[in-house]
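Chain A is the first sequence line, chain B the second, and so forth, proteins listed ahead of strands; every chain is numbered from 1. Note: hydrogens, waters and symmetry copies are ignored here, and every other heavy atom, side chains too, is used. Treat the numbers as computed from the prediction; the structure is a model and nothing was measured.
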Amino acid sequence: MNSLLPRSFYEQYDTITLAQKLLGCDLISQQSAGQTAGIIVETEAYLTNDPACHAYRKKTTRNAAMFGPAGTVYVYLIYGLYHCLNVVSAAEGLGEAVLIRAIEPTEGIELMEQRRINQTKSEKTPVFKPEQLCNGPAKLVQALGISLSDHNGTCLVSGSLSINSASLVDFEMVATTRIGLTQGVDLPYRFYIKGNRFVSRK
DNA sequence: TTCCGGATTACCT
DNA sequence: GGTAATCCGGAAA
């Protein structure tokens, strides 16, 4: 059985390598409502010298968590209405992170559905196929019950959000360009599990 | 102090 | 395929 990744796991790799190593690992959210979990199938790397990175310019209240030690959780608000989840990487004070873009739901799927339904602003109740639950950075944040106030700056080694060692190891990885950016668009810093249907975009 | 645009998603045609 | 929803950090459009 797989086990909780220790601090040393996050410290021992550079950001790009960590983004690749996180593929296949289990992302687990433990809350009073129940446990939800999924396999990480898609990630993106954000480096400190990369204009698309939030820490590219300087440390602010918003991006402060990115400058914490490797294994810190960085959550931020995007487009004023969604949140994204990052794993802080590299040396403390550097400001690099791995964006978790998609997971394959494995546990607590009903709870995930409920959270997604509750957080979707719509007149009628949406119906989600399993692959629509977590196939995007803001979607998995909703499904796992992650919030800015509860999780930003927390620790993956000792908090309610954690990552276990890879449960999926036998796969092909694709490296390609990142999604939704206007800067650094040509850098091949997006990684996903080839053929996995829970990836946000092929 | 003001204004622009973003590591997105859902719903419309 | 196009766009509305909706907040805030950073540049000064």
Atom pair distance, as rounded to whole Å: OH in A:Tyr82 and P in C:dC8: 16 Å
Hey, could you give me each pair passing salt bridge (Lys or Arg N to Asp or Glu O under 4.0 Å) that has a residue in residues 144-167 of chain A? Not counting sequence neighbours. none
To the nearest angstrom, the NE2-P distance between A:His83 and B:dT9 comes to 13 Å
Whole angstroms only, please: what is the CZ-P distance between A:Arg201 and B:dA7? 14 Å
Applying salt bridge (charged side-chain N to carboxylate O under 4.0 Å, His left out) to A:Arg190 and not counting sequence neighbours gives A:Glu42
Short side-chain N/O contact from A:His54 to OP1 or OP2 of C:dG9, under 4.0 Å: no
Against the side chain of A:Tyr74, the closest entry in B:dA7, B:dA10, C:dC8 is B:dA7
Secondary structure string for DNA chain B (Watson-Crick or G-U under 3.5 angstrom, | for other-strand pairs): ||||||.|||||.
Stretch residues 57-70 of chain A: residues that reach within less than 4.0 Å of DNA chain C through a heavy atom: A:Arg57, A:Thr60, A:Arg62
Between atom NZ in A:Lys139 and atom C1' in B:dA10, what is the gap in whole Å? 8 Å
For the side chain to side chain contact (heavy atoms under 4.5 Å, CB included) test, which of A:Ile28, A:Val87, A:Leu156 pairs with A:Leu161? A:Leu156
Rounded to the nearest angstrom, tell me the gap between atom CZ in A:Phe191 and atom C1' in B:dA7. 15 Å
Test item: side-chain donor near acceptor, A:Gln142 and A:Arg115, under 3.5 Å: no
Atom pairs under 3.5 Å, N or O on each side, protein against nucleotides 11-13 of chain B: can you list them with distances?
unit_1 : atom_1 : unit_2   : atom_2 : d
B:dC11 : OP1    : A:Ser122 : OG     : 3.1

5′-ward residue of the pair A:Gln142/A:Thr182 relative to DNA chain B: A:Thr182
Side chain to side chain contact (heavy atoms under 4.5 Å, CB included) partners for A:Glu107, two or more places apart: A:Gln35, A:Ala37
Can you run down the salt bridge (Lys or Arg N to Asp or Glu O under 4.0 Å) pairs that involve residues 178-189 of chain A, sequence neighbours left out, and say none if there aren't any? A:Asp50-A:Arg178
Between atom NZ in A:Lys129 and atom P in B:dA10, what is the gap in whole Å? 13 Å
Listed in order of residue number, which residues of residues 37-49 of chain A have a non-hydrogen atom at under 4.0 Å from DNA chain B? A:Tyr46
Write down the distance between CG (A:Asn118) and P (B:dA10), rounded to a whole number of angstrom. 14 Å
By salt bridge (charged side-chain N to carboxylate O under 4.0 Å, His left out) - contacts of A:Glu131 (at least two apart): A:Arg197
Which residues pass the salt bridge (charged side-chain N to carboxylate O under 4.0 Å, His left out) test with A:Glu172, not counting sequence neighbours? A:Lys194
Mind running a 4.0 Å heavy-atom check of residues 15-24 of chain A against DNA chain B and sending the residues that fall below it, in number order? none
Could you check whether A:Lys59 and A:Asn63, counting side-chain N and O atoms only, form a donor-acceptor pair closer than 3.5 Å? no
Given B:dA10, B:dA7, B:dT9, the nucleotide with the shortest approach to the side chain of A:Phe128: B:dA10
Between A:Ser167 and A:Asp26: side-chain donor-acceptor atoms closer than 3.5 Å: yes
Is it the case that B:dA7 (base atoms only) and A:Tyr76 (side chain only) share a donor and an acceptor within less than 3.5 Å, ignoring hydrogens and angles? yes
What are the residues of residues 93-106 of chain A, sorted by number, that bring a heavy atom to within less than 4.0 Å of DNA chain B? A:Leu99, A:Arg101
I need the single residue from A:Thr43, A:Val141, A:Leu144, A:Ile146 that forms a side chain to side chain contact (heavy atoms under 4.5 Å, CB included) with A:Ile100. Which is it? A:Thr43
What's the CG-P distance between A:Leu77 and C:dC7, to the nearest Å? 9 Å
Proximity of A:Tyr76 and A:His83 rings by center, below 6.0 Å: no
